[in-house]
Amino acid sequence: MTKKTKHQEEEEQLQEEKRPWWRELLSYVGIIFFACLLAVVVNRYVVINAKIPSESMENLLKKGDRIFGCKLSYLLEDPERYDVVMFRYPVDGETIYIKRVIGLPGETVEIKDGLIYIDGASEPLEEDYLPEEWVVGNDGYFFEVPQDSYLMLGDNRNISEDSRYWAQCAIDDGVAADQEEAQQYTYVHKDMLIGRAVIKYYPNFHLFLDI
């Protein structure tokens, strides 16, 4: 490789100094445009930035907490039980909910005396994340989860509006005519999933990947 002489280096520096101001401006505009485009793509296709609107996921998430979710979480894999996910509310398809995955595709889920049994198991699910004794809507529920859907429950079961109630909500809102028609709104179809909660960043930091 030929080493540049001092004269050549001075010539290059001089040419650089003579570069028109508008070229310098264009370079900055290009950087800003690329940064804005990257931010739009990340916000639209990768990251969910959400504020928790209610107490239905306490103690894990409190009202006013701010979290990041990942829209790519289920691109190559399916949700697992206990994942905390964001999805479109089945009854209206627009409102964004955040709940915990309890029932997986094809499973039966029975709620009896404040305990959850999967596929008729003799032992209930372990749920040490519940904030208090579960006394509301804690008995007499039996679900058959469709193959392409999930059963969602909030952690704060005594106040959470979740899969236990959505069929009735569909009837009350005039979306379904009767209980048979309303059953489809009990479950979250995989196409309604938006992403998995990953990080709580306000008012304190918490990583959800260990859930």
Side-chain angles (χ1 to χ4, degrees), residues 48 50-61 63 69 71 73-74 77-197 211:
I48 317 160
K51 182 179 180 180
I52 304 303
S54 73
E55 299 86 3
S56 69
M57 283 299 293
E58 290 185 349
N59 288 322
L60 179 66
L61 294 170
K63 184 177 181 179
K71 295 181 179 180
S73 295
Y74 303 125
E77 61 182 16
D78 295 326
E80 297 181 357
R81 197 181 333 276
Y82 302 125
D83 282 1
V84 176
V85 301
M86 284 163 275
F87 55 90
R88 299 192 183 282
Y89 176 41
V91 176
D92 68 19
E94 296 295 331
T95 307
I96 306 302
Y97 272 31
I98 180 166
K99 304 291 181 186
R100 193 181 294 272
V101 175
I102 297 298
L104 300 177
E107 291 183 337
T108 62
V109 180
E110 184 177 9
I111 299 176
K112 184 168 58 177
D113 296 328
L115 299 172
I116 294 178
Y117 299 87
I118 303 297
D119 288 340
S122 58
E123 295 296 324
L125 291 183
E126 293 186 9
E127 296 192 287
D128 57 2
Y129 44 76
L130 301 186
E132 60 186 9
E133 183 182 1
W134 181 10
V135 296
V136 177
N138 71 343
D139 190 61
Y141 291 89
F142 185 83
F143 304 96
E144 295 180 342
V145 186
Q147 286 293 342
D148 55 0
S149 300
Y150 298 86
L151 183 84
M152 306 289 190
L153 296 179
D155 287 359
N156 195 355
R157 304 275 163 79
N158 293 327
I159 66 168
S160 176
E161 182 183 286
D162 48 42
S163 285
R164 293 169 291 170
Y165 307 118
W166 292 339
Q168 186 59 49
C169 289
I171 294 174
D172 294 343
D173 293 349
V175 177
D178 51 42
Q179 281 292 335
E180 183 177 357
E181 183 181 344
Q183 288 306 306
Q184 62 183 306
Y185 299 100
T186 296
Y187 310 100
V188 176
H189 190 275
K190 61 183 179 181
D191 291 342
M192 294 181 174
L193 297 174
I194 297 175
R196 182 181 180 185
I211 296 174

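Rounding to the nearest 0.5 Å gives a distance of 11.5 Å between CG of Leu130 and CG of Leu60. Atom-to-atom distance recorded for Leu115:CG and Glu126:CD is 11.5 Å, nearest 0.5 angstrom. Between His189 atom NE2 and Asp148 atom CG the span is 3.5 Å, to the nearest 0.5 Å. Considering OH of Tyr117 and CZ of Phe142, their distance stands at 13.5 Å, rounded to 0.5 Å. If you take CG on Leu61 and NZ on Lys51, they are separated by 14.0 Å, rounding to the nearest 0.5 Å. Here the CD1-OG distance, from Ile194 to Ser73, works out to 12.0 Å after rounding to the nearest 0.5 Å.
In terms of modelled atom types and a separation under 3.5 Å, the side chain of Ser163 and the main chain of Tyr187 share no donor-acceptor contact. Asn156 contributes no side-chain N or O that, together with a main-chain N or O of Ile159, makes up a donor-acceptor pair within less than 3.5 Å. The main-chain N or O of Tyr82 is found under 3.5 Å from a side-chain atom of Arg100 such that the two form a donor-acceptor pair. Judged by distance alone, the side chain of Asn158 and the main-chain N or O of Val135 form a donor-acceptor pair under 3.5 Å. A donor-acceptor contact shorter than 3.5 Å links the side chain of Trp134 to the backbone of Val136.
Here the shortest heavy-atom pairing between Asp162 and Gly154 reads OD2-N, 3.1 Å. Gly106 approaches Gln147 most closely through the heavy-atom pair CA-NE2, 3.6 Å. Looking at every heavy atom in both residues, Ser160 comes nearest to Lys99 through OG-NZ, 3.0 Å. When all heavy atoms are compared, the tightest approach of Tyr185 to Ala176 is CE1-CB, 4.1 Å. When all heavy atoms are compared, the tightest approach of Gly69 to Met86 is CA-CE, 3.6 Å. Scanning both residues, Ala167 and Thr186, for their nearest heavy atoms gives CB-OG1, 3.6 Å.
For the pair Asp173/Asp92, no side-chain contact is recorded, criterion being any heavy-atom separation below 4.5 Å from C-beta on. Side-chain contact between Glu181 and Gln184: present, with at least one pair of heavy atoms (C-beta onward) separated by less than 4.5 Å. Side chains of Leu193 and Tyr150 form a contact here, defined as non-hydrogen atoms less than 4.5 Å apart. In this structure, Trp166 and Val175 have side chains that are not in contact, with every pair of non-hydrogen atoms separated by 4.5 Å or more. Inter-residue side-chain proximity for Leu153 and Ile116 is flagged as met; some heavy-atom pair is nearer than 4.5 Å. The shortest side-chain heavy-atom distance between Ile96 and Arg88 falls under the 4.5 Å cut-off. Ile111 places a side-chain heavy atom less than 4.5 Å from the side chain of Arg164. Within the 4.5 Å cutoff, the side chain of Asp83 has heavy atoms near those of the Tyr74 side chain.
Paired with Val145 under the rule side-chain contact (heavy atoms from CB on, under 4.5 Å), one option of Leu151, Leu104, Ile118 passes, and it is Leu151.
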Discussion item. Could you walk me through whether Ile48 and Lys71 satisfy the side chain to side chain contact (heavy atoms under 4.5 Å, CB included) test, starting with their C-alpha distance in whole Å, then the side-chain angles of each, then the deciding distance to 0.1 Å, before giving a yes or no?
Written reply: CA-CA 7 Å; Ile48 317 160; Lys71 295 181 179 180; 3.4 Å; yes
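Around atom CD of Gln179, more than 12 heavy atoms belonging to other residues, nucleotides or ligands sit under 6.0 Å away.
Ring orientation note: the planes of Tyr97 and Tyr89 are close to parallel, at an angle under 30° on the 30°/60° scale.
Legend: side chain to side chain donor-acceptor pair (under 3.5 Å) pairs involving residues 101-111, not counting sequence neighbours, sorted by first then second residue: Arg81-Glu107, Thr108-Asp119.
Residues Tyr129 and Glu127 bring a donor and an acceptor atom of their side chains to less than 3.5 Å of each other.
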